[in-house]
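First the structure, in the form of structure tokens, and then the observations on it.
Each chain gets a letter, A, B and so on, in the order the sequences are listed, and its residues count up from 1.
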There are 2 protein chains.
Amino acid sequence: MSNSLPTPAGPAGTASSRVFDHLRKDLVGGRFVAGEKLAINALKDRYQVGLSPLREALNKLAAYGLLVQENQRGFRVPKLSRDELDDIAQMRLEMEGMALERAITNGDSLWEADLLAAAHRLKRADITLDKGEEWEHLHTQFHRTLVAPCGSVWLLRFIEQLHDQFDRYRRLGPKMPTIRQELDEQHHQLVELALQRDAKAARELMDDHIHKSYEVALKRYQEHV
Amino acid sequence: MSNSLPTPAGPAGTASSRVFDHLRKDLVGGRFVAGEKLAINALKDRYQVGLSPLREALNKLAAYGLLVQENQRGFRVPKLSRDELDDIAQMRLEMEGMALERAITNGDSLWEADLLAAAHRLKRADITLDKGEEWEHLHTQFHRTLVAPCGSVWLLRFIEQLHDQFDRYRRLGPKMPTIRQELDEQHHQLVELALQRDAKAARELMDDHIHKSYEVALKRYQEHV
DNA sequence: GTAGATTAAAAAATCGATTATCTTGTATAA
DNA sequence: TTATACAAGATAATCGATTTTTTAATCTAC
């Protein structure tokens with residue numbers, strides 16, 4: 001994993017890595033308006049860090065694609081567009097499909113256990129909590145586990161990046177219980193097919209899963225404008 | 001292109017963007033030893049910049065994958081490994097193949113002209129210059145042009161990233177004239193097939209092209225260790 | 001001798017202040 | 001009125017110095 005993004009910095013992390021994690025969450029979670037220009041001084045107060053670590057975090061986020069940097073005129077939150085959403089969803093289809101097939105080929109019994117655990121935690125959170133940050137985290141974790149043993153560090157990296165981008169659209173609006181339930185059921189079906197090592201069926205279900213998520217995201221995007 | 005990396009900063013760019021470009025070139029071109037720890041103070045002298053812009057550039061390069069950042073212990077040049085080379089080459093196969101097919105579907109006559117021009121410039125440089133940085137730049141430019149109208153900003157972004165990574169291996173050693181000539185011929189054949197809109201044949205040739213490049217890179221990696 | 005503690009030097013990360021650039025509002029001229 | 005020029009304020013980028021943490025070397029106890 002030497003090339004992955006750093007794992008979330010605990011309390012021991014640097015100021016820069018902590019504000020990176022925090023800003024990443026906030027950008028993905030829609031706490032900023034798309035297109036908005038970031039007022040660095042305001043961020044300094046908001047995240048309680050100095051200028052240097054803040055700027056370093058902003059630079060990383062720009063290289064990662066969650067911010068746009070223009071020389072001499074700071075940082076902005078990237079605009080949202082229908083075209084880009086289509087692009088992101090299409091890429092997710094291709095790349096997560098590929099990754100899932102490979103994961104089903106390579107995954108061992110430890111993976112099976114991790115997968116069951118991740119699905120269970122997600123379901124638990126579904127019932128217990130009101131779907132907040134905690135649910136989002138477990139959801140991300142589930143999808144990450146699903147494709148983890150695909151054997152390609154770079155594929156995993158790209159998928160993670162696409163998820164962050166996709167979630168900027170998906171998380172624009174409030175939850176939609178009906179469709180949400182369908183999607184949640186698909187998580188469990190995905191686990192079943194993975195355990196049965198049915199790569200073809202799993203990929204088809206994943207395609208459908210992404211497609212349904214896309215429709216949610218699109219709807220929210222359209223309502224949001 | 002709002003989400004792409006910034007275009008190379010001309011003389012008007014910031015110190016940070018200039019050192020980013022320069023470092024990127026040097027990292028891809030193998031001017032640093034893989035695994036080496038970067039001495040920030042030495043870099044300050046080498047690139048004639050202050051600490052702040054330098055650190056911002058290093059942070060961007062880490063998020064981009066050309067450096068590894070460890071909290072509290074600075075930056076290193078990523079190690080090279082056979083496994084990673086295989087991964088990168090495999091991903092290039094998938095993604096550039098996909099991009100080429102789409103480009104052939106979407107590309108208009110302006111693209112055809114750009115493609116011919118890029119191929120011609122590359123051949124020119126091949127004959128005229130001793131293959132230095134200029135040839136490398138034109139080579140990158142050719143491959144970029146080839147897939148440019150694929151319609152996906154994210155696909156292009158990932159491909160660019162993979163090229164940078166791949167070149168860290170390919171550029172480990174001196175040129176190999178025989179195989180190089182084969183590869184150069186393939187560039188022209190790729191243009192021909194693109195103009196004929198023969199997506200299937202073009203993709204097969206691209207597969208072969210990447211495979212041959214992979215063999216060069218692998219050989220150099222093995223000799224390098 | 002080896003493991004663990006101690007400390008000095010080196011390096012990374014951060015801070016506060018300065019400099020350069022852009023932006024906005026106002027004035028002037030065509 | 002419209003366009004251009006200018007000045008003042010705001011913001012971005014950079015610098016130099018400080019603080020924190022790691023690394024390496026040395027010492028001590030077993």
Side-chain angles (χ1 to χ4, degrees), chain A residues 2 5-24 26-27 32-33 35-79, chain B residues 2 5-24 27 32-79:
Chain A
S2 68
L5 283 183
T7 39
T14 61
S16 171
S17 63
R18 261 172 300 153
V19 70
F20 174 89
D21 293 340
H22 201 162
L23 261 167
R24 179 182 169 185
D26 288 350
L27 286 162
F32 293 91
V33 179
E36 141 182 38
K37 168 125 181 250
L38 293 184
I40 300 199
N41 279 322
L43 292 182
K44 241 182 47 168
D45 298 343
R46 176 164 172 176
Y47 295 101
Q48 293 291 304
V49 280
L51 198 57
S52 310
L54 176 57
R55 284 189 59 89
E56 292 189 5
L58 295 174
N59 273 281
K60 270 191 279 200
L61 288 162
Y64 183 66
L66 280 174
L67 288 177
V68 176
Q69 183 172 25
E70 285 167 298
N71 278 346
Q72 244 91 39
R73 48 197 68 172
F75 298 86
R76 344 188 117 262
V77 181
K79 292 211 187 97
Chain B
S2 69
L5 285 182
T7 40
T14 62
S16 170
S17 64
R18 263 172 298 151
V19 71
F20 174 88
D21 293 341
H22 201 163
L23 261 168
R24 178 182 169 184
L27 286 163
F32 292 91
V33 179
E36 142 181 39
K37 168 126 181 250
L38 294 184
I40 299 197
N41 278 323
L43 292 181
K44 242 182 47 170
D45 298 343
R46 175 164 173 176
Y47 294 101
Q48 292 290 307
V49 281
L51 197 57
S52 311
L54 175 57
R55 284 189 60 90
E56 292 189 5
L58 294 174
N59 272 280
K60 270 191 279 202
L61 288 162
Y64 182 65
L66 281 173
L67 288 177
V68 177
Q69 182 172 25
E70 285 167 299
N71 278 347
Q72 244 92 41
R73 48 198 68 175
F75 299 86
R76 350 186 112 261
V77 180
K79 292 212 186 97

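- Side-chain proximity of L51(B) to dT14(D), dT22(D), dA17(D): nearest is dA17(D).
- The closest donor-acceptor contact from the side chain of R76(B) to the backbone of V68(B) lies at 3.5 Å or more, if one exists at all.
- Side-chain atoms of Y47(A) and D26(A) form a donor-acceptor pair, as typed in the model, at a separation below 3.5 Å.
- Of all nucleotides in DNA chain C, those with any atom nearer than 4.0 Å to a heavy atom of chain A start and finish, going 5' to 3', at dA13(C) to dT23(C).
- In the region residues 37-50 of chain A, proximity to DNA chain C at under 4.0 angstrom, judged on heavy atoms, holds for G50(A).
- Following rounding to the nearest Å, F20(B) (CZ) and dA13(D) (C1') show an atom-to-atom distance of 17 Å.
- Looking at heavy atoms from C-beta onward, R24(B) lies out of side-chain contact with K60(B) at the 4.5 angstrom threshold.
- Under the 6.0 Å distance and 45° angle rule, R46(A) counts as a cation-pi partner of F32(A).
- Phosphate proximity of dA13(D) to R55(A): present, with a side-chain N or O under 4.0 Å from OP1 or OP2.
- Atom-to-atom, CZ of F75(A) to P of dA12(D) comes out at 9 Å; the value is rounded to the nearest Å.
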Verify side-chain contact (heavy atoms from CB on, under 4.5 Å) between V19(B) and L43(B), making sure each step is shown before the conclusion.
CA-CA 10 Å; V19(B) 71; L43(B) 292 181; over 6 Å; no
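- Remark: C1' of dT11(D) and CG of N71(A) are 15 Å apart, rounded to the nearest angstrom.
- Side-chain N or O atoms of E56(A) include none that pairs as donor or acceptor with a backbone N or O of P53(A) at under 3.5 Å.
- With values rounded to the nearest 0.5 angstrom, T14(B) atom OG1 is found 4.0 Å from N71(A) atom CG.
- Rounding to whole angstrom units, CZ of residue R18(B) and C1' of dA13(D) are separated by 11 Å.
- The shortest distance between side-chain heavy atoms of L51(A) and K44(A) falls below 4.5 Å.
- For the pair E70(A) CD and dA13(D) P, the computed distance is 10 Å after rounding to whole Å.
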